[in-house]
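See structure below.
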Amino acid sequence: MSREDDRQASAERPSDPTLLTDGGTSELATVAELAKRRGFFFQTAESYGGVGGLVTYGPQGSALKRNIEDRWRDRFVTRAGNMELSAPDVMPEPVFEASGHLDGFDDMIVECPECETAHRADHLVEDSSEHEDAEALGIEQIGELIGELEIACPDCGTALAGESVDEFNLMFGTDIGPGSSQPGYLRPETAQGIFTEFPRLKEYARGKLPFGVAQIGDAYRNEIAPRRGLIRVRAFTQAELEQFIDPEEDEPAIEAVADVELPLYTAPAQADEGGQETYTVRKAVEEGVIESAWIAYYLGLARDWYEAIGIDMDRFRYRQHKAGERAHYAADCWDAETELDGEWVEVTGFAYRSDYDLTNHAAATGDGFTVFKQYDEPKTVERPGVDPDMSTLGPEFGGDASAVADALASLAASEPDAFTGDTVTVEIGGDSATVATDVANFAVETVTETGEHITPHVVEPSFGIGRLFYSVLVHSYETDEVDGEERTYLSVPAELAPTFACVVPLVSNEPALVEQAEQIRDQLRDAGLEVAYDESGAIGRRYRRQDEIGTPVCVTVDHESIEEEPTSVTVRDRDTTAQARVPVTELRDCLLALRAGTSFSDLLDRDAVTPV
RNA sequence: GUGCCGUUGGUCCAGUGGUAGGACAUUAGCUUCCCAAGCUAAUAGCCCGGGUUCGAUUCCCGGACGGCACACCA
């Protein structure tokens, strides 16, 4: 089948995604083919047979990806006044014990031989026995218990005895340094690289909330079944922002985005098979559709950003997580989704992570994952305490003396009334210890407190750069007809285009045109633009090559260019194929304006520019 | 991880128990005064391993990779 037939077949296909699964004619397959051929992305190490779920961004792709990342940085770091950091991809095991990822990544699965449903093996054992933490038992024991307890498939009732129990571990493990004494893991999300550095980061923020810390970097998940090009891969780039807030006081600058219209697909609508509805940010917060004003704020900020990078807003929505769907850390969660090939793909998760991560890292390390919040007015409080006479406790209790002292201290804090009698009794381990009250030295002190340590809450927008990249490609893929010939072009925003301009001599067998074109190419590169040069083949073919990779303009040097004064060139617009004549002296400014977002039709209004 | 299907130049495909052909693309030359034109030539391929066979790209087995379904998905 020729490529043209291929496209027609694609155009005639019904939109039912189940009919688009033959891999040859779907929207994703068409774009993936272009991506491979034109150097956007392709499978890694194909010479070695390829690796599932690993992709390499080619020359065009890495430029487009970098531009998306730059746009993200501009919006969510620079203009939002946030910090950025760059943490290593490998972190030691205890980090992921604290974050909860190690537990969550280590599922035991048993599959029903009859209905092929997979079940959490440890949960089955817990449901049918006294075991409360079956996960700790290990695979072999769980397998035996399934037989002994005669556990059956909850769905169809088939006995599961003898079925193999498999472990699903989505973390990439490694060793840090020689030997296996320090296990490490590739990070499954970039966020932990921010949370672990919180004690230092809060210093840079001078201890004041709110502040945001962002990171763009790679994360790794050893997916069971990588799928669909860039959509589910084992190594992927995330752009994450961790917004640290005081949940009691900090409010987002919601007025700045209050009128942004959000296409919301709420959890109740999903349950009732309802559709999506449009809310302004203001209305969504007022009506409680979005619980957290911070989440709403970021949904608003991000909506306009998605549009600016070329996501088709008719193929975009915000979907609320249903109750059972949320991650182990997430209190409320919305996903940004784009529609690709009739399916909705998560491109960003907006999660209210509360104080989950900081609390856990604090517990694991004992380090300061809190900020000190000063009261408006210092508070005077009465604090009951003890100052035990250790010279009495020591001889009496020996090695338990300090434990007795600690117990007295906590008793003083919780039950000051216990110290009203002549003696006071505390529990140490299983034993009780009785101490004379005056030995405990109980007293109520009056202290002045100027503030308290609070653990910030975290609002996290987490963007999947690869999926956004793919969405931009798919949503910008266009075909039209020029002089009876079908044309393919990528209508990516000029700001993002991997190659901004291509300079071409109209014909290549005239040295004067070629020479002039090469000069112009060099001048434009000196101006900081990504400029290609092409003198191979007919002029139309060269235009089409650039159209296909989304180059916004082609600059053509023709005879008129060099014969007339002032020297001029034509500038051709990718989306319309319209052309304008521009003096060479104005070219740089014109192109920089286009790069910055000026439309081609606005360019035509300039005095120096003449439509062709 | 299970099941079904698949893997042939850069891309998309055809084909064969005696190592392959097309289209498009690419490169060079000619041509070319604005949209994939034409002419000439060139470059370039049977996913990997094992088995059967005189001989395997082709048949069989296994693997890798891909697509889809089920399952999983922070």
Side-chain angles (χ1 to χ4, degrees), chain A residues 1-7 17-18 20-26 28-30 32-39 42-54 96 99-101 103-105 107 109-113 115-120 164 166-168 170-171 187-189 191-192 219 221-229 231-232 238 321 325-330 333 346 349 351 353 460 462 481-488 504-510 513 536-548 554 556-561 563 570 572 577-579 612:
Chain A
M1 195 190 276
S2 73
R3 276 173 54 214
E4 192 165 283
D5 290 339
D6 206 48
R7 284 203 210 93
T18 60
L20 293 171
T21 55
D22 59 0
T25 54
S26 71
L28 286 187
T30 305
E33 188 271 325
L34 184 146
K36 212 187 310 187
R37 198 160 36 79
R38 292 301 195 190
F42 41 80
Q43 198 180 18
T44 297
E46 283 189 301
S47 298
Y48 288 88
V51 187
L54 298 182
F96 300 112
S99 71
H101 285 101
D103 270 353
F105 268 75
D107 295 348
I109 301 287
V110 63
E111 196 168 310
C112 171
C115 67
E116 295 184 353
T117 311
H119 303 281
R120 282 286 293 269
S164 73
D166 296 313
E167 194 168 53
F168 282 8
L170 297 190
M171 295 268 274
R187 57 187 180 186
E189 58 170 1
Q192 297 307 325
R221 298 176 190 180
N222 203 0
E223 294 288 350
I224 298 158
R227 277 296 159 77
R228 302 215 294 160
I231 292 177
R232 194 194 296 168
Q238 290 188 311
H321 277 205
E325 190 181 357
R326 291 196 287 263
H328 60 267
Y329 52 70
C333 197
E346 176 192 350
R353 295 179 78 133
E460 177 196 75
S462 170
E481 205 170 89
V482 174
D483 294 347
E485 298 276 358
E486 190 172 6
R487 182 176 78 112
T488 298
V504 298
L506 184 60
V507 293
S508 56
N509 59 354
E510 296 203 28
L513 292 187
S536 173
I539 186 73
R541 174 184 296 273
R542 286 177 271 163
Y543 289 154
R544 300 302 170 82
R545 282 186 191 126
Q546 297 303 321
D547 289 340
E548 210 177 28
C554 286
T556 307
V557 177
D558 56 17
H559 285 80
E560 211 174 316
S561 298
E563 282 162 6
T570 63
R572 170 187 178 273
T577 76
Q579 286 182 290
V612 175

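Bear in mind that the values here come from a model prediction, so they are computed numbers and not experimental data. Chain naming here is simple, since letters A, B, ... match the order of the sequence lines and numbering starts at 1 in each.
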Between the side-chain atoms of A:Gln579 and the base atoms of B:C34, is any donor-acceptor pair under 3.5 Å? yes
Determine whether a donor-acceptor pair (one donor, one acceptor, N or O, separation below 3.5 Å) exists between the side chain of A:Tyr48 and the base of B:C48. no
OP1 or OP2 of B:A37 under 4.0 Å from side-chain N/O of A:Arg541: yes
B:U32 OP1/OP2 closer than 4.0 Å to side-chain N/O of A:Ser508: no
For a 4.5 angstrom cut-off between non-hydrogen side-chain atoms, does A:Tyr543 reach A:Val482? no
With rounding to the closest Å, how many angstrom separate the P atoms on B:G10 and B:U26? 15 Å
Does the distance from a Lys or Arg side-chain N to an Asp or Glu carboxylate O, for A:Glu548 and A:Arg541, drop under 4.0 Å? no
Between B:C48 and B:U58, how many Å separate the two P atoms, rounded to a whole number? 10 Å
Side chain of A:Asp483 only, heavy atoms from C-beta on: which candidate in B:C35, B:C34, B:C73 is closest? B:C35
Contact under 4.0 Å: A:Arg545 side-chain N or O vs B:U26 OP1/OP2: yes
OP1 or OP2 of B:G66 under 4.0 Å from side-chain N/O of A:Gln43: yes
Among the candidates B:U27, B:C33, B:C35, find the nucleotide nearest to the side-chain atoms of A:Val507. B:C33
Heavy-atom closest pair, residues A:Pro226 and A:Gly52: CG-C, 3.9 Å
